[in-house]
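Report on the following structure.
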Amino acid sequence: MAKHIILKAAVIAVIALGGAQAALAQRKGGEVAIGISQAPPSLDAQITSAQAARNVTLHIFETLYARDENAKPVPELAEGVTISPDGKTYVFPIRKDVAFHNGKKLDAADVVASLERYRKIGASPALVAAIDTVKASGEHEVTVTLKQAQSTFLDNLSSPRAPIAIYPASEAAKEAGKIEIIGTGPYKFVEYKPDSHVKLARYDAYAPNPKGTGRDGFAGKKEAFLDSVVFRFMPEGGARTAALEAGQIQFNETVDGPTAKRLGTDARFTVQKVVPFGLQVIKFNQAQPPANDVNFRLAVQAALDMEEIMAISYADIYQMDPSWLYPGAAFHSTIGGDKYNKADLKLAKELLGKSSYKGGKVTFIVDNLRANVDTATVVQQKLKEIGIEVEIAVSDWPTVSKIGFTPTNWTFWTHGFGIEPYEGPGSVMAPWVNGLSQQAKDPEIDRIAAAFNAELDESKRKALYDAFQKHMYDAAVAMKAGNYGIFQASTAKLKNFKPYRIPRMWGVWLEP
Amino acid sequence: MGSFLIRRLAGAFLVLALVSLMSFALIWLVPGDPAAAFLDASATPEQIATLRSALGLDLSLPQQMLGWYGRILSGDLGQSILLNRSVSAALIERLPVTLVLAALALAFAVVVGVTAGLVAAVNHNRWPDQAVMTAVLLGLSVPDFWLGLVMVLVFAVSLGWLPSGGFTSFTQSPSEWLRCMILPALTLGLVQVGFIARMARASMLDTLGQDYVRTADAKGLAKLRVVLGHALPNALIPILTVIGIVSGALLGGAVIVEQVFSIPGIGRLIVGAIASRDFPVLQGGLLFLAVVYLSINLVVDILYAVVDPRVRLA
């Protein structure tokens with residue numbers, strides 16, 4: 001017994017020592033260079049929804065509310081919120097301990113000016129469309145009134161898509177792209193060399209959110225250990241990998257599967273998976289035959305082997321899931337799953353027989369991203385088996401998106417939905433409202449989305465979201481193939497990194 | 001000389017007018033919409049329409065064309081859609097990087113190419129000639145994209161001698177600048193070595209067969225003196241022509257090499273502008289490259305007269 005106790009004590013001591021060592025291992029200093037494939041169009045966070053911009057700006061700027069690890073909105077620069085019973089008035093107490101990178105203390109005037117600027121020129125105007133007025137109701141208190149209750153308002157306020165970043169009032173008075181890059185985040189802006197890099201440095205006067213206990217999504221306690229972070233714009237994947245191997249960059253935003261496998265067996269590197277990173281979506285153009293016929297769409301939905309599509313398009317880095325939200329999301333649902341991934345050719349042929357499709361070519365538009373072309377090719381082969389002749393038209397993204405936003409010249413279009421499922425049910429529904437993505441209005445979706453936005457009761461909102469997802473499958477509005485991910489690779493010296501939607505450089509440190 | 005310059009400049013302006021018209025027309029033949037490209041897939045038609053209007057894309061084609069000509073005549077290349085700066089500023093910012101890269105590559109290509117051509121010509125049909133010509137053929141067959149990645153793998157990843165990419169300005173650190181530029185310049189230059197070597201060899205062979213060279217040889221002059229002092233100056237004119245053509249090709253090759261090595265030059269600017277349909281940058285960039293190309297041609301023509309007094313610029 002005594003031996004057992006001694007052993008137990010020894011184990012506890014070792015664990016405690018290990019923990020202490022882990023704590024000691026956190027060290028300040030060093031520079032991490034991150035290879036990213038695209039340059040941010042702007043560092044004015046409010047005016048761009050580009051992923052490349054988010055990678056950088058979410059290190060510099062903060063929002064009133066931000067998303068936690070499960071994408072739930074939690075206070076960041078606000079201390080919290082009081083919502084009136086009618087859901088129209090939001091009172092935000094603002095944290096008093098926060099200083100901008102120019103030393104100015106954050107107050108209500110900065111928040112008001114930033115929200116007003118976003119209402120005028122923000123890249124996602126839908127996020128703030130419900131706002132009626134924004135006023136400072138105290139030196140550190142802001143009151144926002146909505147035109148009508150909007151259940152997704154805190155979701156919107158905390159969206160990282162084109163973040164409603166809080167700027168000093170003096171900067172918020174400036175036009176799009178003309179601001180000085182001054183935020184309240186853990187890193188401050190140093191320089192932006194066009195087509196080369198952006199450099200950030202640790203902001204030593206950063207005031208972490210006292211409510212945060214650790215790294216938590218885009219919120220939580222943001223501890224910066226690195227002296228500086230450099231985002232290098234490197235469009236060529238091979239060049240990024242070579243730079244990582246040569247020690248010129250310490251983190252590669254995305255590597256392909258074979259490279260991930262190779263680097264994964266090398267002790268000098270760490271390979272991480274960010275799964276899910278997006279949904280692979282296949283859209284129908286419902287404005288013209290044959291996809292304006294529900295039986296045609298249901299036939300396609302029944303025929304497709306989604307696992308085959310994902311295994312080929314995103315080998316080793318996919319999940320099968322019928323939900324239009326990510327696992328872990330509050331409203332994640334498997335409703336409609338009975339119609340997902342069926343690969344039932346008999347049923348498909350029956351449904352196709354009931355449709356108005358009597359042969360002839362249909363066009364699948366696709367951009368030149370390898371995975372999207374693979375998706376189109378697998379769909380083409382599978383649909384051939386039930387008698388649908390698919391012609392694939394590949395062009396670059398600007399061309400495809402232009403065609404896809406019009407009601408002619410296409411039947412299928414595939415691409416990823418990354419940020420929408422992260423943002424939540426409101427954003428997942430939005431692309432289908434008013435027939436925006438399917439090119440023909442769907443009254444059922446419009447009804448559900450309007451009711452969802454006005455509904456404040458959580459359980460009723462959940463029921464409405466379930467109804468939306470059921471309708472997506474029952475009417476085959478569009479199809480979700482699966483969840484895909486990306487591989488990220490870093491030097492093994494970068495410690496405590498945890499993958500998320502951007503490569504967060506807080507909570508991590510470099511070993512010598 | 002004066003009238004030559006005036007005629008050439010007038011011709012250059014005509015070419016520029018045509019290039020600007022073609023760049024405008026070509027761009028409008030390219031499918032895709034900058035507004036849709038700038039916004040994401042969930043953009044509403046209203047958002048796209050607002051952006052199109054802000055960019056002047058909702059105007060008729062003649063209105064847009066008149067606007068474009070009006071602006072360039074007043075020296076204004078317009079405003080970039082994506083970069084939050086004027087097209088001129090964006091071009092001027094990147095021009096020195098590309099020009100220096102091209103100049104280093106050209107210097108390398110000329111020195112190596114002319115030397116290789118001379119060695120081959122002097123050793124006509126012997127093993128050095130065959131070795132040089134085989135190497136030249138190999139060089140000509142290698143795509144610069146592939147060559148760039150191989151250079152990176154050898155000199156940056158395996159040997160660790162040079163950086164794999166990125167750019168440090170000369171003013172920031174001359175030594176780092178040089179280290180950054182060596183691999184891109186070698187990659188860009190190596191592909192062009194072949195053209196210069198082949199022309200140098202052919203031109204030298206032609207010149208070495210001339211009577212005055214045989215006379216010099218017969219007088220018992222040293223071989224090196226005959227080749228360098230007598231034959232080379234006369235062989236230079238066709239070589240100069242090739243150098244002029246190569247200079248243009250280097251600007252084109254810089255587009256690829258700047259992508260591989262992440263060098264912030266005009267090439268990367270234009271590739272980025274194509275991908276994002278940043279039409280003002282694309283139009284301005286094409287016009288700008290045409291100006292550079294025409295200037296190089298003019299300089300080469302003037303150099304003819306400098307090298308060979310028999311050529312008269314009239």
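Numbered from 1 within each chain, the chains take letters A, B, ... in sequence-line order. This is a predicted model, so every value here is computed, not measured.
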Distance flag, aromatic centroids of A:Y167 and A:Y118, threshold under 6.0 Å: no
Ring geometry between A:F284 and A:F412 (parallel below 30°, tilted from 30 to 60°, perpendicular above 60°): tilted
A:W397 and A:W413 aromatic ring geometry - parallel, tilted or perpendicular at 30°/60° bounds: tilted
Is the backbone N or O of [Y] less than 3.5 Å from a side-chain atom of [X], with the two atoms forming a donor-acceptor pair by type?
| X | Y | answer |
| --- | --- | --- |
| A:N285 | A:W410 | yes |
| A:D446 | A:N434 | yes |
| B:S86 | B:G78 | no |
| A:R240 | A:T254 | yes |
| A:Q248 | A:A33 | no |

Heavy-atom pairs under 4.5 Å with chain B, option from A:P235, A:G177, A:S196 with the top count: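 If we count pairs closer than 4.5 Å to chain B, A:P235 comes out on top.
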Toward chain A: residues of residues 141-153 of chain B with heavy atoms under 4.5 Å: B:F145, B:L149, B:V152
Proximity of residues 159-176 of chain B to chain A, residues having a non-hydrogen atom under 4.5 angstrom: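 Those residues of residues 159-176 of chain B which have a heavy atom under 4.5 Å from chain A are B:P163, B:S164, B:G165, B:F167.
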Distance (rounded to the nearest 0.5 Å) between A:D442 CG and A:Q286 CD: 6.5 Å
Under 4.5 Å from a heavy atom of chain A, the part of B:E93 involved: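 For B:E93, the side chain is the part near chain A, not the backbone.
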Result of checking A:I249, A:V56, A:V229 against A:I34 for side-chain contact (heavy atoms from CB on, under 4.5 Å): A:V229
Residue from A:K174, A:K178, A:R117 passing salt bridge (Lys or Arg N to Asp or Glu O under 4.0 Å) with A:D44: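 When A:K174, A:K178, A:R117 are each tested with A:D44, the salt bridge (Lys or Arg N to Asp or Glu O under 4.0 Å) holds only for A:R117.
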Residues of residues 363-372 of chain A within contact distance of chain B, non-hydrogen under 4.5 Å: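 Those residues of residues 363-372 of chain A which would need a heavy atom under 4.5 Å from chain B do not exist here.
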Side chain / backbone / both / neither for A:A176 at chain B, heavy atoms under 4.5 Å: backbone
Side chain, backbone, both or neither of A:A430 within contact of chain B (heavy atoms, under 4.5 Å): neither
Test side chain to side chain contact (heavy atoms under 4.5 Å, CB included) applied to A:F233 and A:Q38, step by step: CA-CA 6 Å; A:F233 319 141; A:Q38 282 181 313; over 6 Å; no
Full working for side chain to side chain contact (heavy atoms under 4.5 Å, CB included) between B:L282 and B:R277: CA-CA 8 Å; B:L282 201 45; B:R277 300 292 191 274; over 6 Å; no
N-O pairing of A:K199 and A:E31 below 4.0 Å: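 A salt bridge is present here (some side-chain N lies under 4.0 Å from a carboxylate O).
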Side-chain donor-acceptor distances from residues 247-258 of chain B under 3.5 Å, at least two apart:
{"from": "B:S247", "atom 1": "OG", "to": "B:I243", "atom 2": "O", "distance (Å)": "2.7"}
{"from": "B:E258", "atom 1": "OE1", "to": "B:G267", "atom 2": "N", "distance (Å)": "2.7"}
{"from": "B:E258", "atom 1": "OE1", "to": "B:R268", "atom 2": "N", "distance (Å)": "2.9"}
{"from": "B:E258", "atom 1": "OE2", "to": "B:T98", "atom 2": "OG1", "distance (Å)": "2.8"}

